[in-house]
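For reference, the structure is listed below as C-alpha cells.
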Amino acid sequence: MDHSHAPVLDALAAYHREDQLPFTPPGHKQGRGADPRVRDVLGDAVFRSDLLAISGLDDRMSSGKVLERAQELMADAVHAEQTFFSTCGSSLSVKSAMLSVAGPGEKLVVGRDAHKSVVSGLILSGVRPIWVDPQWDASRHLAHPPTAEAFAARLDEHPDARGALVTSPTPYGTCADLTAIAVACHDRGKPLIVDEAWGAHLPFHPDLPTWAMDSGADVCVTSVHKMGAGLEQGSVFHQQGNLVDPSVLKAREDLLGTTSPSVLLYAGLDGWRRQMVEHGHALLQDALHLASRVRAEISAIPGFDVQGPDEFTGPGLAHDLDPLPVVIDIAGLGVTGYRAADWLREHHRVNLHLSDHRRISAQLTFADDEDTAARLLTALHDLHAHIGDLAGAPAVEVPSPAELRLELVVLPRDAFFGPAEQVPASEAAGRVCAEMLTPYPPGIPAVLPGERITSPVLDYLRSGVSAGMVVPDAADSSLKSVRVFIEE
C-alpha cells in the first residue's frame with residue numbers, strides 16, 4: 001500500500017481548500033463562535049479542523065471512504081488484518097475487545113495486573129474473571145506479567161473460558177512472552193487479547209520487544225497517544241485470525257463508542273502511521289541511543305538505581321523490557337517516589353510518567369532530544385543534591401505477594417451495582433468491596449468490586465495515601481472510609 005497518503009489529513013486539507021461551509025455541529029463553526037480568550041490559548045487551527053466525520057470530513061454517505069482507507073493503511077503498517085480507530089482512548093478499546101470475546105456470565109482468563117479499564121469492562125459486561133497471578137518480585141515490590149504456563153494452567157482449570165487477556169508492556173516497560181501465551185491459548189482454541197496500550201511504537205523497530213500482532217495475538221489494543229504521536233485519547237485496536245469476528249468487534253466498539261468522534265484524533269492517528277512507516281526506524285533508533293545514554297548518566301548518580309534487564313527480566317521476572325521508560329529505584333535513599341516526583345515538578349517543572357512508594361519513571365519517546373534529556377538530567381542531579389530535604393515520609397506497608405491476592409466472592413458487576421454502604425476503614429476488613437481502589441498511576445486496582453478486603457491490603461493503601469499515594473476512584477480518596485457491598 002502507498003503509505004505516503006494520509007486520507008484523513010488529505011480530506012481535511014480538501015475541506016479547507018474547497019471552503020466548505022458547515023450548518024452542522026460543532027457549534028463554534030470553525031472557531032468563529034469561540035471565545036477569543038479560548039482561541040488565544042488553543043489556537044485557531046484546532047477549531048478549523050474540529051468538524052464532523054460525516055457531512056464534514058466525508059459526505060453523508062461516507063462515499064469517500066476516508067476513515068476506512070486510513071484504517072486499512074494502519075492495519076498494513078502494523079501487520080494486522082483489521083484495524084479500528086477509537087477516539088475514546090484504549091479504555092474503550094479494551095472494553096470493546098473483551099465484549100467481542102465474552103458476554104455476561106461467561107469467563108475470561110485475565111492477568112490480575114490488569115488496568116482499571118479492564119476491570120471497568122468486567123463491571124459493565126458481567127464477565128466473570130478468572131485471574132492469573134502475575135510474577136511478583138518480592139524484593140522490589142513489583143508485579144511483572146504472568147507466564148504462558150500460568151495462563152495455560154488457568155485455561156485448563158476453566159475449559160469453558162472464552163479467551164484470555166494479558167497486559168504487555170506494563171507501565172514499567174516489562175513485557176510478557178506473548179508468543180508463548182498466544183500458543184497456549186490457540187492450542188486450546190481460545191483467542192488472546194493483548195492490552196498493549198504502552199506499545200504503539202513496538203512494530204517499528206526490531207530492537208524493541210516483539211509486538212502483539214507479530215506474536216500471534218488475535219486482538220491488540222494500543223494507545224497511540226502514549227508512546228506514539230497521537231493526540232490524547234487516540235487509540236486503535238487491531239485484529240487478525242478467525243477466533244474473533246471483526247464485525248462483532250466493530251459492533252461492540254459502536255455500542256460503547258461516541259457517535260461524535262473527533263476528526264482531530266483521527267488525523268493524529270493517520271499522520272502518525274505515515275510518519276512511522278516513512279521515518280519510524282530512524283526516529284526510534286535515535287530514541288534508543290538517547291535512552292541508553294540517559295540511563296547510563298542517571299545510573300552514575302549515587303543511590304539512583306536505574307532498572308534494566310538485569311533487574312526486571314529473567315526467571316520469575318518479565319520476559320522482555322522496553323528500554324524507553326526509564327525507571328529509577330530510589331528506595332536506598334530513604335525517599336518515596338511520590339515526594340521526588342512532587343519536588344521535580346515544583347522546582348524544575350519536570351513532570352514524571354509515574355511514581356510509587358520507591359520509584360520514579362521518565363517516559364522517553366522519539367520526540368525527546370538532547371535538550372529535553374539535558375533538562376531531565378539537570379533536574380535529577382539537583383534532586384539528588386536536595387534528597388535530604390525529602391526524607392521522613394511515612395513508610396508504605398507493602399504486603400507479601402500472598403497477602404496481596406484477594407478472594408473474589410461476588411462478580412465485579414454485582415458488587416459495584418448492588419446494595420452498598422460507606423463504612424469507616426476500621427470496619428472494612430472482612431467486607432466485600434463495592435468500588436475500585438486503585439493507586440494511580442499506574443492504574444492497577446489493588447482491590448476490585450467483589451473482592452473481600454483484608455487488613456494487610458487496607459493497611460497498604462492507607463499507609464500509601466499517608467505517604468502521597470493517590471487513589472482517585474475511591475468514594476473517599478482519603479480512605480478514612482470505604483464503600484462496601486451489603487451481603488445478604
Notebook entry, point to check: Any chance CZ of R128 has more than 12 other-residue heavy atoms, nucleotides or ligands included, within less than 6.0 Å?
Noted result: no
Notebook entry, point to check: Of the options L321, L142, D322, which is the one that meets Y172 in a side-chain contact (heavy atoms from CB on, under 4.5 Å)?
Noted result: L142
Item checked: Side-chain touch H281/F204, heavy atoms, less than 4.5 angstrom -> no
Next item on the list: Check the pair D113, T167 against side-chain hydrogen bond (donor to acceptor under 3.5 Å, both in side chains), reporting the backbone distance first and the verdict last.
Entry: CA-CA 7 Å; D113 57 340; T167 302; 4.8 Å; no
Item checked: Minimal non-hydrogen separation, L178 against S168, with atom names -> CD2-CB, 3.9 Å
Item checked: Donor-acceptor pair, side chain of E196 and main chain of A212, under 3.5 angstrom -> yes
Next item on the list: Evaluate side-chain hydrogen bond (donor to acceptor under 3.5 Å, both in side chains) for D382 paired with H348, printing each intermediate quantity in order.
Entry: CA-CA 9 Å; D382 196 31; H348 286 270; 2.7 Å; yes
Note to self: If you define the side chain from C-beta out and look only at heavy atoms, does anything of P203 sit under 4.5 Å from M213?
What the structure shows: no
Check: Under 6.0 Å between the ring centres of H201 and W211?
Finding: no
Check: Passes side-chain hydrogen bond (donor to acceptor under 3.5 Å, both in side chains), S93 versus S235? Steps please.
Finding: CA-CA 7 Å; S93 300; S235 172; 2.9 Å; yes
Margin query: Looking at every heavy atom in both V482 and C433, which two are closest together, and how far apart are they?
Written below: CG1-SG, 4.4 Å
Item checked: Note, M74 side chain near R273 side chain (heavy atom, < 4.5 Å) -> yes
Check: Can you tell me if T372 and D368 form a side-chain donor-acceptor pair at under 3.5 Å?
Finding: yes
Check: Checking side-chain hydrogen bond (donor to acceptor under 3.5 Å, both in side chains) for the pair H205/Q285: CA distance, chi angles, key distance, verdict?
Finding: CA-CA 8 Å; H205 199 286; Q285 188 66 58; 2.7 Å; yes
Next item on the list: For residues V127 and K107, determine if any side-chain heavy atom of one lies less than 4.5 Å from a side-chain heavy atom of the other.
Entry: no
Note to self: If I compare all heavy atoms of G443 with all of Y440, which pair ends up nearest, and what's the gap?
What the structure shows: CA-CD1, 3.1 Å
Check: Would W198 and H353 count as a close aromatic pair, with their ring centres under 6.0 Å?
Finding: yes
Check: Going through the checks in order, is the salt bridge (Lys or Arg N to Asp or Glu O under 4.0 Å) test met by R112 and E451?
Finding: CA-CA 12 Å; R112 182 54 183 83; E451 289 184 333; 3.3 Å; yes
Checklist line | Non-hydrogen side-chain atoms of L324 and M227 separated by less than 4.5 Å | finding: yes
Check: Does Q422 reach the side chain of D476, with side-chain heavy atoms less than 4.5 Å apart?
Finding: yes
Check: Closest heavy-atom contact between V94 and S91?
Finding: CG1-O, 3.6 Å
Checklist line | Residues K250 and E253 bridged, charged N to O under 4.0 Å | finding: yes
Item checked: Flag, side chain of Q82 to backbone of F84, donor-acceptor distance under 3.5 Å -> no
Margin query: Does atom CZ (F416) have a neighbourhood of more than 12 heavy atoms from anything else shown, all under 6.0 Å?
Written below: no
Checklist line | Taking every non-hydrogen atom, the tightest pair across V166 and I181 | finding: CG2-CD1, 4.1 Å
Check: Taking all non-hydrogen atoms of both residues, which atom of F366 and which atom of A287 are closest, and how far apart?
Finding: CA-CB, 3.8 Å
Notebook entry, point to check: So, do D320 and T210 sit near enough that their side-chain heavy atoms are less than 4.5 Å apart?
Noted result: no
Checklist line | Salt bridge D342-R339, side-chain N to carboxylate O under 4.0 Å | finding: no
Item checked: Sub-4.5 Å side-chain heavy-atom contact between M98 and V118 -> yes
Check: Which pairs with one or both residues in residues 14-34 pass ring-ring contact (aromatic ring centres under 6.0 Å, His included), sequence neighbours excluded?
Finding: H28-F47
